[in-house]
Amino acid sequence: MSNISVSLPDGSVRDLAPDATALDLAAAIGSGLKKAAVAAVVDGRETDLTAQLHDGAVVSIITAGTDEGRHVLRHSTAHVMAQAVTRLFPGAKFTIGPAIENGFYYDFELPGGATFSDDDLGRIEAEMREIVKANQPFVRSEMSMAAAKELFADQPYKVEIIERVESAEADNEDSAEVGEGGIISAYRNTDAFIDMCVGPHVPSTGKLGFFKLQRVSGAYWRGNEKGPMLQRIYGTAWESKQALADHLHQLEEALKRDHRKLATELDLLSFPHELGGGLAVWHPKGAIVRKLMEDYSRLRHEQGGYEFVYTPHLANGKLFETSGHLQWYADGMYPPMEMDNGTYYMKPMNCPMHCLIFRSRQRSYRELPLRLFELGNVYRYERAGTLHGLLRIRGFTQDDSHIYCTKEQMATEVASLLDFVLSVLRAFGFEDFTFNLSTKDPDKYIGDDEIWDEATEALRQALDSHGLEYAVKEGDAAFYGPKIDIDVRDAIGRSWQLSTIQADFQLPERFGLEYVGADNGRHRPIMLHRALFGSIERFFGVLIEHYAGAFPTWLAPVQVRVLPVAEAHEEYAATVVEALRAAGARVDTSVADDGLGKRIRNAKLEKIPYVLVVGDDDVAAGTVGVNPRGGEVERGVDVEAFVEQFRAEVSTAETAALGA
RNA sequence: GCCCAGAUAGCUCAGUCGGUAGAGCAACGCAUUCGUAAUGCGUAGGUCGUGGGUUCGAUUCCCACUCUGGGCUCCA
């Protein structure tokens, strides 16, 4: 047979032996590439390095240090973990084990309903190292579905996946396991371990090794909470020792900005045991930041043409029957309170009460859009296992607004809402958002298709006109209308939804809302639900992590601390404090009982933006020594000059925050 | 709600193979009065999350509950 030729990504062509594999190609190009290679892309499809190439193939090599390469490493490491588990836990059933961001997991069912404990991780990891050392090959094979069912006869979850594929119910997860076209592919490491998988995989386990198992947890089979609870192990895997170390270091760093840790250290708030789960108390230093956030929010809403309302925390159950909450949202509500004249509930949302305000008298089209705003306290009965610091809590405050408008006003209103939302989020230093457009769930919605399309289009246009990238989440809308959700990431990479803009045709209907139009006829308004912070608590939690507790000067609980070098300077320090307080600064002082170095250290740990030191020189010259957070010490700064500079900095930040 | 782990001083943690506990920091007192990230000495502080069980005796072993952490499911 004559040689084959293949082309490379740079357009060059290589001649290879007729039975050459992708690995041979990598070796022919260079030993460095051979070493780094983990898989290949042939004619646009990812394949194993051991796959034989054909004449005319377009080939690129996937190396370990790329996203695709790490994906392969992680997936292969998941197989190694599964093998280790089946060795250590005879009779364990394995289900699926994909690569995920930064790592992988694998779900198992242990014999007799046994569970993993943290101690098992070390044993499993040690077993994995043995498998890596043994340098077992990953050998691909293909078979019919019937043969696969035979082969995996003692792995009921694998059989279930094959059967689902046969009956064409497969979702993406299944396809990742079995491939397409009625052919099942599998990878064998040893005679004792073979796993159904589309691949590709590294040529042998010796290519792996920079991994760490991280945690065990339960996970429902197929994500169905009525299905069996499996045992999941998460791990991380990288292309080098250094990359693994860097990742682990990054996780440690992220932990330092965890809002729960910082909230305790900075004395911002706490979750007293006695109060119950998911309920927080705000300490003075957290409360002042919250007040500033709320003041800012109120100011922006006042400027934005909103009207402020207040509504109670409790309501008669009849209200929530009208709104549909008892029908659709009862699981999320606190249990009822029986009272002499009816059944009462804590409110999980503010919208029903805002609808009552709209309905309290006849409305004219001239009043629309009517924008009702409230910092409304709501209570939701979140399931115990879902609570998470400030980010998932049971009692919280929404910066909530309901906008009543005509159908024609909807598009303009949504577009200006998006401006408003982004401007507010940016004022708090957020730039990295994820936008999601959730569309109609064809199986669960109410209202006319026409108005759904119109509303969805209005949301889409608003996103497009702002040049924003967004993901469309098909079928993720609320039953009453489509929505735009805005997420930000927390310090450890988890994404949290903050803002939401939702269209609603249902509540105006249920509450029989009407306005009198220019035609003197009665019309039904459209309602927009929207929150910018989303929940003040969640927003604050994300904010703490975003700033790592070092709030910008305009938000800092204490902005300036004045430290007299010795007792003799306390009187002068007091005059400096007075001057700053007169300029509107949040300022305090710490007398000379402790050494100066100690007091500076304390101020730094509290992340105070400015530490002012005053001693003999300053008393004589009317100056201060300025030690700014993250900056250089400057001695001999005139008090007036510092006050002016401080005032300017804060007012600039506030002006910027106001979008001026 | 489900799986796993945990709860010891204000904070971070050690400890008790069952005989009622200890450190560092913080607090308080005394001394020190100091020029940019920890001055020294001393004192006080815990019914070991709550309730039950086993035991002569439980902070330790067992059970239940509450709360917390990591996931799953669900969600702002």
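To find a chain, count down the sequence lines: A is the first, B the second, and so on, and within it residues start at 1.
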d(OH, A/Tyr106; P, B/G71) in whole Å: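 Rounded to the whole Å, the gap is 22 Å.
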Heavy-atom closest pair, residues A/Thr553 and A/Tyr610: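 Closest heavy-atom pair between A/Thr553 and A/Tyr610: OG1-CE1, 4.2 Å.
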From B/C72, B/G49, B/C4, nucleotide with atom closest to A/Ala219 side chain: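 Comparing B/C72, B/G49, B/C4 against the side chain of A/Ala219, the answer is B/C72.
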Whole-Å gap separating P (B/U33) and CG (A/Asp616):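 The answer, rounded to whole Å, is 14 Å.
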N/O (side chain, A/Gln497) to phosphate O (OP1/OP2, B/A76) under 4.0 Å: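 So the side-chain polar atoms of A/Gln497 do come within 4.0 Å of the phosphate oxygens OP1 or OP2 of B/A76, strictly under.
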Among B/C2, B/A37, B/C74, the nucleotide that comes nearest once only the side chain of A/Arg383 is considered: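 Of the candidates, B/C74 comes closest.
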Presence of donor-acceptor pair under 3.5 Å, side chain of A/Arg380 and base of B/A76: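 It does, because a donor-acceptor pair links the side chain of A/Arg380 to the base of B/A76 below 3.5 Å.
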Sugar-phosphate only, base, or nothing, as touched by A/Asp618 at under 4.0 Å among non-hydrogen atoms: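 Base contact.
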Centroid under 5.5 Å and tilt under 30°, A/Tyr234 to B/G71: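 Check failed, A/Tyr234 does not stack on base of B/G71.
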Distance, rounded to the nearest Å, where A/Glu374 contributes CD and B/A76 contributes C1':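 Rounding to the nearest Å, CD of A/Glu374 and C1' of B/A76 are 16 Å apart.
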Nearest listed nucleotide, side chain of A/Arg538, among B/A76, B/A5, B/U33: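 Selected nucleotide (nearest to the side chain): B/A76.
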Gap between atoms CZ and P, on A/Arg215 and B/G6 respectively (whole Å):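 It works out to 17 Å between those atoms.
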Integer angstrom distance from the P of B/A14 to that of B/U54: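 Looking at atom P only, B/A14 and B/U54 are 32 Å apart.
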Dot-bracket line, read 5' to 3' along RNA chain B, where crossing pairs take [ ] and | marks a partner on another strand, Watson-Crick or G-U under 3.5 Å: (((((((..((((.....[..)))).(((((.......))))).....(((((..]....))))))))))))....
Nearest-nucleotide pick for A/Thr115, side chain only, options being B/G70, B/C4, B/G35: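 The nucleotide sitting nearest to the side chain is B/C4.
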Side chain A/Arg392 and base B/C75 donor-acceptor under 3.5 Å: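 Under the 3.5 Å cut-off, the side chain and the base do form a donor-acceptor pair.
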Nucleotide B/C72, atom C1' - distance to NE2 of A/His388 in whole Å: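 Roughly 15 Å, once rounded to whole Å.
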Atom-pair distance (NZ on A/Lys598; C1' on B/A27), nearest Å: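 So the NZ-C1' distance, A/Lys598 to B/A27, works out to 11 Å.
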Closest nucleotide among B/C72, B/G35, B/G1 to the A/Arg232 side chain: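 Nucleotide nearest to A/Arg232's side chain: B/C72.
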Rounded distance in Å - CZ (A/Arg260) to C1' (B/G69):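 Taking atom C1' of B/G69 as the reference, CZ of A/Arg260 is at 7 Å.
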Lys/Arg-Asp/Glu bridge criterion (N-O < 4.0 Å) met for A/Glu545, A/Arg260: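 Salt bridge: no.
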Qualifying residues under side chain to side chain contact (heavy atoms under 4.5 Å, CB included), relative to A/Asp267, sequence neighbours excluded: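 Counting only residues at least two positions away or on another chain, A/Asp267 forms a side chain to side chain contact (heavy atoms under 4.5 Å, CB included) with A/His283.
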Over-ring placement of A/Arg394 relative to A/Tyr381, 6.0 Å and 45° cut-offs: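 Ring-cation test returns yes.
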Proximity to the side chain of A/His273 - top-ranked nucleotide from B/C4, B/C67, B/G70: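 So the side chain of A/His273 is nearest to B/C67.
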Carboxylate-amine/guanidinium proximity below 4.0 Å for A/Lys256 and A/Glu252: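 Salt bridge absent between A/Lys256 and A/Glu252.
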Pair A/Glu374 + A/Lys347, salt bridge at N-O below 4.0 Å: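 Yes, A/Glu374 and A/Lys347 are salt-bridged.
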Distance in angstrom units between A/Phe271 CZ and B/C11 C1', rounded: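 Computing the A/Phe271:CZ to B/C11:C1' distance gives 17 Å.
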B/A76 base / A/Gln502 side chain donor-acceptor hit below 3.5 Å: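 Answer no: no donor N or O sits under 3.5 Å from an acceptor.
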Nearest non-hydrogen partners of A/Ala603 and A/Val611, listed with the distance: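 Looking at all heavy atoms of both residues, the closest pair is CB-CG2, 3.6 Å.
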A/Tyr220 (side chain) and B/G1 (base): donor-acceptor pair under 3.5 Å: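 In this structure, the two groups form a donor-acceptor pair.
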Within 45° cone of A/Phe211 ring axis and under 6.0 Å: A/Arg74 NZ or CZ: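 Checked: cation-pi criterion not met.
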Proximity to the side chain of A/Arg394 - top-ranked nucleotide from B/C67, B/C72, B/A37: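 Of the options given, the side chain of A/Arg394 lies nearest B/C67.
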